[in-house]
Structure formats: structure tokens, C-alpha cells
Amino acid sequence: MAELPLADYARTLTGDIQTLAEAEDGSIPKTFTRWVLEQLEESGFVSNMTVAYHSGHGVMVYGFGYSDDRSVLDLYTTDFSLDPMADRLTKADVTRHFRRLLAFLQKASSIRGNFDQPTEVHQLCEGVEKLLANASKVRLFLFSNCESTARTQPEPTDFQGLPVEHHLWDLARLYRHQTSGAASEPIVVEFDPPISCLSVQSIEPNLSVTLAVVPGRHLAELYEEHRTRLLELNVRAFLQARSTVNRGIRLTLLNEPGRFLAYNNGITATATDAEFVEDAEGRRVGIRRLTGLQIVNGGQTTATLHHVFKRDKRDLAGVSVQMKLTLMSSDDLMKIVPSISRYSNTQNKVTLVDLSANDKFHVEFERISRTLWAPPTTAGGPQTRWFYERARGSYAVEEAKHTAVAARPKFKAETPAAQRFAKSDLAKFVNAWNGLPHLVSRGAQKNFAAFQDNVKKQPPVIDADYCRRTIAMGILFKAIDRVAKVHDAGSHKALITAYTTARLCEETGRRIDLDRIWREQKVSDAVVQAAHDLCPLVMDIVIQDGKHVTEWAKSSKCWEEVSCIPWTIPDELAEELLARPVEFAVDTREEEEEQLSRLKQIELSEWEMLADWARETRALELAEQQIATMIAAKLATNGTITAAQVRKALEVYDRAIEEGFSAFAP
């Protein structure tokens, strides 16, 4: 696979960020910060992020975030250069940036007093203060498009008794992250002393399965260090002990820790490499080291162990967890892990966001969207393409394939970086259109999981029309994002965009002409003006005094209030709306195949008996009797049975059972 050299990647990244900043009419460092955070959120490094800038004497911060259980507070800062290959990030630079973040943490309260409540800085300080009060750890992040000369990450320190971690994401690390194609950097785990195991080599090449028992405290500490990265972006990593499974796990750990191994189903994990302890006969008897560890089932168990360890202050002494570990090559990861997760369904199943790239929906969407050329935006202008980045880093890889001097600029002109969108973007566009802004506001991972669930429940027909209209949703979303910026939505712009888009689509009954948006590659002036009218009203509901805006926006109650805002569609927009809502065909092939399979599992003789029974008892209508007779005849002659006939036949069969029919009746 072709890869972009680091220097080319630096130029491409810097140019892309400049283009995005210009399109959003925002500052380049803030645009870069938001871009990096979106990449890291998709990979599970960060969550619940807010981009907000403040700089003062000895202080500089670009935003904050926090873990779902609010035990970890994150602070972000940025160092961006327009000439990244000429500039270098020295160890002194890194130290200075992290020191400024800590200074902000120290002075947040006094800084807040200098700004009015509605301002971005006031909300930044207030949010950090509230989170700091309950945090058990602080993480400082420095993002840079320059390469760092520091050989190692800064050592952990502390702040007012809280442990402080330092995370440097420089050019080289961003490059590795973007081009790896994996969910994240591999997690390496050491077991000292080694844990005992029983290992079996599969008949499949490069595949083995190992059974082991892991100390519960070790698993809790792993989760403390790696969080959702350990769970392959499992968005339900910890549901605050609300589900039956979590409550049961927690009560066992608190009251009967010695029985945990007997009661709990354990975890299912994968790794790409392992270092074993072997006995004199060469048999694997212990695990010393694992590389690329991922828990693909048992996320509830892992997160609850962490909760009991950190929040309930239990040392987990004597708690053991069984582990089934599958070793496989990284090349097989995408093919095998989804099946492991699917079949290991005795506990709440893990949602594998990055691994979903191989789902049929995303493969088909990518295939068809790559064949579409967007109409030129000016008379005689060039046609361009929208690039669906099904696998992270595929845009950079595709660009790297164009090695000729003129080829790469041509690729960039035909496939602009501003027209690149990822799986999480697609989910955001569609869920906002469908009136689910509270899900969009929950972040890329959780919103994507909800999108995936909806796609599985009602799989759309993936054709050219579907792809064009979905991209048009993205054009609409981005246009409203620009409107939100004009109205000074500040650090809450993403939330306001999602809610304004959803309310506009809901109020219009989803009759906005997506085909027209695709043809013109922009939204109409009437749509823009309507968004301007609606946006301030939405802001009044979403951004309320006394409410934590980020949390409030995640609730369905917030959406209920926004849905009740008194607002009438302007006449200019009403005139151009479609007569009916935009329709998307549902792909019923999989359901039809399942129904046909069920029908054929019913023996021919049973259909014949059902037909005779219906005639004799008259428990079914004449038409229903005829359906049973027809199905029996078609099964006897291997005739074709249509989907409608299958559906009706199963309805008849189920009704017959309710009326007392049984093939085994004497």
C-alpha cells in the first residue's frame, strides 16, 4: 500500500487545515485543534470535547474534554506552523506548552471572573472548574503539525494531588495514526509475573486460541490507562451501573468477590502478537507480554471492575477474570474480530466502530460514491468528487498513489480535501436530517453506533440516488454550520448546528430538495435565510444559564424543547419545498431471505396438512386456505415463491398455530 512520505503529509495536512479554516471562516489553530480531536475521538483517545480558546500571561488553552464517568479531565493546547518541515518542536517548547495548560488550570476561577457568562471563555473556565472538582486524573494534550525533537513523552506529574499525564501528538504521531489504518496505536501489556494459560493452535494459519485467568485489579488498571481504546471504541463501555448486567457485576464484586470467577462469563480478547512462557516440551504455559490487545466482548465487565476499583475503593484482591484470547495477524483483524464479537454474545456486545468499515453498507457506499461526479459549481467549471473515507487514512493513501508531478495536483483539484468525509461525518449528516440532534451531540462514537443500529433495522438501498442525497445532507449541514458561526455559537457551534439542522428538517417535513442541493452543490438562499431565522431561537434553548450545555444537548428533553419552539417556515422556503418528503427505499433482501429460509424449514407435508386442516375446520378464510395449498404445490415442484407470497404464507401459518393447528396432533 502506498504511503505519503512525512514531508508530503506535512504539506498536505497544513494545506488541508488552511482550506478548512478558510471554509469555516475560523482561525487556523482552532480548526487544527478541532480536526485532531475528531480523529482522536473516533479512535477512542478522547471524548466529550469542547474547543474553546483563551490566551493570557503564561496561560494558553484550546479546549477541554472529559471521560464519560467524569473521572478524567482533559485540557488541549496547540502549536501550529505554516512551515512545519522548517520548524521543529523542541523539548523546551513542549515543556512551555504543558506549563501554560497547568497555569490555566490554576487560574481558571480568577480568569472566569473577568468574562461575562455568555462568553466562550467564561463557559470554558466554568466547565473545567466543575469537572476538576470530581476528577481523579488530569490529562494534558499538545497537538502540533511540527515534528518534535523530544525522544519520549513527558513524565507524569501531579496537580493539587491529582495525577497529571502528558500526551504529545506531533506530526510524526499524527502521520502514524492517519496511515496505520488501525483503530489506534497498539496497546502493549506486560504481565509480571506471567499469568498461567492453556494455548491451542488452530487449524487456520496464523491463528491460535489461549485460555487464561487475569487478576481483576490488573484489568481495572489497564482500563484506567487506556479507557475505551482497550475496547475498540465500545460506546457502551460503562453505563454507570444502570443495566442489569452492570448492577449484577458490581454487587458480586462488592459482596462476593471470591465467587466472581464462577459467576462472570469473563472477557473475549484479541492480540496481534504475544510472548509466552514455555515448558521443557515447548508447550505454552504462561503469557508474559501481549501486543495489540483489544477486548471485543466483556466491556461491561472491564469497565465495572474499574468503577469498583476507583470509585468504590475496593482493591479487588482475590478477584479473577477468565479470558479467551485469540491471536491473529493484523491483516486478519478486520475479517475475524467482527465475527468473534458477534458470536461471543453472552454479555452486552461491543460495538466496533473502526471495524465497521467492512460492513456491507460502508463498502457499497464507498463503491458507488466513488463513481459519482458532482456537477460544476460555475458555468464551464470543473467537476469534482466527494471522497468517502471508509477506512481512516484512505484519502492520504489514495493521494500517494499519484506520484507523477502533475498527477497529485490534479487529484487534489478533482477531489478537494474539503469534500472528504468519514463514517462519523456520514452518521452526523443522516441523524441530524432524521431529527436526532441529541444523538449527534453525544459525540462521534455514540452517534455512529446509533446510526449503525438504525441502518441494521432499516437498511437503505445503496444506489446513486442514496449517495447523492446523503452527500446533499452534508452540504446542508455544513451550510448551517456556517450560519451558526455567524451567530456566535462559539464553542457550542457543533451542537447548535445539529439542532438547527434537525429542527429545520423536522419543521419542513424533510421536504427540502436534496436533489437540487446536489445539482447546485449548495443550499438555496431561502434555506440559508430560514436557518438564520431559526438559529438564534435554537441557541436560546440549547445554551441556557445554569445548565451544563454539553450535557443538556445530549438529552432527548433538550430536543423536545427545541421541537416546541414557535417558528413558522418562511414563505420563500415554503414555495420551494417538495410536495412529499424525500423518500429512501429500504433494502428488504436480507429480511426476505430469512423469511424464505423459515418457510422452507416447514416441511412440505406440514403445509399439506395445514391446507387439509383449514378446509375441514374452516378456521381460516378461503384465501388463506388457498395460500397454504399454493405453497405446498410450489414446494412440491420447486416453483418460485415471491417475497409477498412468503410473507403472506408465514402470516397464515402463524395464525393457524394460534387457531389450534398442529402437525403433531393425533
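Here the shortest heavy-atom pairing between A498 and F477 reads CA-CE1, 4.0 Å. Taking all atoms of both residues into account, the shortest heavy-atom contact from P581 to G509 is CB-O, 3.4 Å. Nearest heavy-atom pair, A484 versus C535, reported as atom, atom and distance to 0.1 Å: CA-SG, 3.9 Å. When all heavy atoms of L168 and L89 are compared, the closest pair comes out as CD1-CD2, 3.8 Å. In terms of heavy atoms, A450 sits closest to N431 at CB-ND2, 4.4 Å. Nearest heavy-atom pair across C467 and S369 is SG-N, 4.1 Å.
Using a cut-off of 4.0 Å between Lys/Arg side-chain N and Asp/Glu carboxylate O, D170 and R173 are scored as not salt-bridged. The existence of a salt bridge linking R70 and E551 is confirmed by a sub-4.0 Å separation between a basic side-chain nitrogen and an acidic carboxylate oxygen. Taking a cutoff of 4.0 Å between a charged side-chain nitrogen and a carboxylate oxygen, E224 and K137 qualify as a salt bridge. With respect to the salt-bridge test (charged N to carboxylate O, under 4.0 angstrom), the residues R250 and D312 qualify. Checked for salt-bridge contact, K478 and D481 miss the test: no charged N lies under 4.0 Å from a carboxylate O. In this structure, E506 does not pair ionically with R503, as no charged nitrogen and carboxylate oxygen lie closer than 4.0 Å.
Rounded to the nearest 0.5 angstrom, C146 SG and F80 CZ are separated by 8.5 Å. Here CG of L75 is found 12.5 Å from CE of M60. Values are rounded to the nearest 0.5 Å. Considering NE2 of H166 and CG of L140, their distance stands at 5.0 Å, rounded to 0.5 Å. Interatomic distance, CH2 of W559 versus CG of L439, reported as 11.0 Å (0.5 Å rounding).
Between F421 and F429, the ring-plane angle classifies as tilted under the 30° and 60° cut-offs. Between F141 and F143, the two ring planes are tilted [angle within 30° to 60°]. A tilted orientation is assigned to the rings of H54 and F104, their planes being inclined by 30° to 60°. Ring planes of Y62 and Y53: tilted class, angle from 30 to 60°.
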Exercise for the section: Let me see the working for T33 and T78 under side-chain hydrogen bond (donor to acceptor under 3.5 Å, both in side chains), right down to the final yes or no. Expected result: CA-CA 6 Å; T33 303; T78 286; 2.5 Å; yes
Exercise for the section: Run the numbers on K30 and E120 for salt bridge (charged side-chain N to carboxylate O under 4.0 Å, His left out), then give the verdict. Expected result: CA-CA 13 Å; K30 282 183 74 171; E120 180 178 288; 3.3 Å; yes
Exercise for the section: Show the numbers, then the answer: is there a side-chain hydrogen bond (donor to acceptor under 3.5 Å, both in side chains) between D116 and H122? Expected result: CA-CA 6 Å; D116 294 333; H122 187 283; over 6 Å; no
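Formation of a donor-acceptor pair under 3.5 Å by the R511 side chain with backbone atoms of T508 is found in this model. One N or O on the side chain of R510 and one on the backbone of W433 form a donor-acceptor pair closer than 3.5 Å. R314 places a side-chain N or O within donor-acceptor distance of the main-chain N or O of L254, the cut-off being under 3.5 Å. No side-chain donor-acceptor contact under 3.5 Å links N134 to the backbone of L131. No donor-acceptor pair under 3.5 Å is formed between the side chain of T304 and the backbone N or O of T301. Checked by atom type and distance alone, the side chain of S136 pairs as donor or acceptor with a backbone atom of S71 at under 3.5 Å. Between the side chain of E41 and the main chain of A444, a donor-acceptor pair closer than 3.5 Å is present. Under a 3.5 Å cut-off, the side chain of S144 and the backbone N or O of D79 do form a donor-acceptor pair. Side-chain N or O atoms of R442 include one that pairs as donor or acceptor with a backbone N or O of K554 at under 3.5 Å. A distance-only check finds no donor-acceptor pair linking the side chain of D488 to the backbone of G490 [under 3.5 Å].
Sorted by first and then second residue, the ring pair (Phe, Tyr, Trp, His ring centres under 6.0 Å) pairs involving residues 534-557 (not counting sequence neighbours) form an empty list.
In this model, no donor atom of one side chain and acceptor atom of the other lie less than 3.5 Å apart for E221 and H306.
When side chains are defined from C-beta on, N145 counts as touching F32, because their heavy atoms get closer than 4.5 Å. T501 places none of its side-chain heavy atoms less than 4.5 Å from the side chain of P437. L132 is not listed as a side-chain neighbour of K130, based on a closest heavy-atom distance of 4.5 Å or more.
Remark: R420 is positioned above the aromatic ring of Y395, its terminal NZ or CZ atom under 6.0 angstrom from the ring centre and at most 45 degrees off the axis.
Partner W169 forms a ring pair (Phe, Tyr, Trp, His ring centres under 6.0 Å) with one of Y175, W35, F45, Y76 and no other, that one being F45.
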